[in-house]
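The block underneath contains the structure these notes are about, expressed in structure tokens.
Atoms within a ligand are numbered from 1 in the order they appear, just like the ligands themselves.
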Amino acid sequence: MSTPAIPENPQTRAKIWQAFLDYFDAAEKKRRWNIRTDIPWDQCNSGIPPEIADVVQTFCMVELFLPDYLAKQLPQVRNSKGRAWMLANWGYEESKHSMVLNDWLLKAGHRTEEELQDMEQGVFEKEWGLRYDDPLASVVYTMVQEVATRVNYRNLRKAARGRCPALDRLLELVQIDEAAHGHFFRSLVQIYLEDDRAATLERIRLVFNTFAMPANDLLADGRRRVAAIKALNIFDEQVFYSEVVVPLLNTLGLTRADIRGRRVHPVK
Ligand SMILES: [Fe+2]
Ligand SMILES: [Fe+2]
């Protein structure tokens with residue numbers, strides 16, 4: 001199968017590899033955690049409201065599409081060592097997220113083994129697809145997705161208000177991972193802005209104007225699940241704008257004007 005080449009010059013490639021090494025070294029030193037030993041599993045609260053447990057299930061389901069996230073994205077970047085190695089490392093970290101959420105649902109008594117098996121089966125009947133057939137747009141999309149995911153976990157943790165120490169700790173650990181992912185992919189977008197500002201701005205404009213969280217389309221009862229997330233003030237359009245778009249624009253040194261206007265470069 002042929003794979004599209006990534007438009008990277010040698011300097012850009014070297015910067016991306018260095019960004020990955022910085023990310024990897026920091027992760028190995030400060031961020032590795034253990035599902036079995038780093039969560040206070042003896043402090044699970046089965047009395048937590050069912051609507052909170054249901055959002056935990058929604059996030060677990062979205063994380064379960066990991067085989068598709070990796071299988072679809074790796075071919076786009078296999079000739080960029082930094083991006084390919086990052087996806088391998090990212091996949092390991094993401095694999096723990098669905099595992100730890102699954103374990104909490106079971107240990108806190110919110111779901112049975114059978115219910116979790118049905119949940120997995122339902123997820124694997126569907127398939128996540130790339131939103132953009134273009135490696136540059138994909139990295140912008142991943143940046144936005146990771147920052148939005150971090151906000152989702154942080155606000156779920158707030159909604160649970162420390163009522164379950166096990167859930168509180170696991171959401172803290174997952175949220176720290178997601179923040180690190182958002183930071184890494186934002187640093188890649190910064191590198192691409194230096195490499196080709198016009199093309200990268202075009203992708204930022206495209207993604208910001210068409211972004212949707214995967215739960216919308218991926219899950220069989222996605223609409224109901226997205227509405228439940230909104231009802232708990234975890235994530236909605238306003239949160240997306242104020243906690244994802246604005247901070248990203250600020251950090252990238254861009255303004256709202258940069259993401260407005262007609263396309264100047266067609267997306268390949
Ligand atoms: Fe995750
Ligand atoms: Fe992530």
field: ILVMFWY network linking Leu101 to Val226, side-chain heavy atoms under 4.5 angstrom
entry: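 Different clusters: Leu101 never reaches Val226 through Ile, Leu, Val, Met, Phe, Trp or Tyr contacts under 4.5 Å.
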
Between CG on residue Leu70 and CH2 on residue Trp128, distance to nearest 0.5 Å: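 Output value for this atom pair is 9.5 Å.
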
query: Do Asn45 side-chain atoms and Cys164 backbone N/O form a donor-acceptor pair below 3.5 Å?
result: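 Checking the backbone N and O of Cys164 against the side chain of Asn45, no donor-acceptor pair under 3.5 Å is found.
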
query: Do Lys96 side-chain atoms and Trp33 backbone N/O form a donor-acceptor pair below 3.5 Å?
result: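 Yes.
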
- prompt: Side chains of Gln76 and Ser138: donor-acceptor distance under 3.5 Å anywhere?
  reply: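 Ser138 and Gln76 do have a side-chain donor-acceptor pair below 3.5 Å.
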
query: Any side-chain donor paired with an acceptor under 3.5 Å for Asn233 and Asn155?
result: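 The answer is no; no qualifying pair exists.
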
- request: Starting from the Fe ion (ligand 2), look over the N/O/S atoms of Glu146 and name the nearest one.
  value: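 Nearest N/O/S atom: OE1.
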
- prompt: the Fe ion (ligand 1): which protein N, O or S atoms are under 2.8 Å away?
  reply: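 The answer is Glu63 OE1, Glu63 OE2, Glu94 OE1, His97 ND1, Glu178 OE2.
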
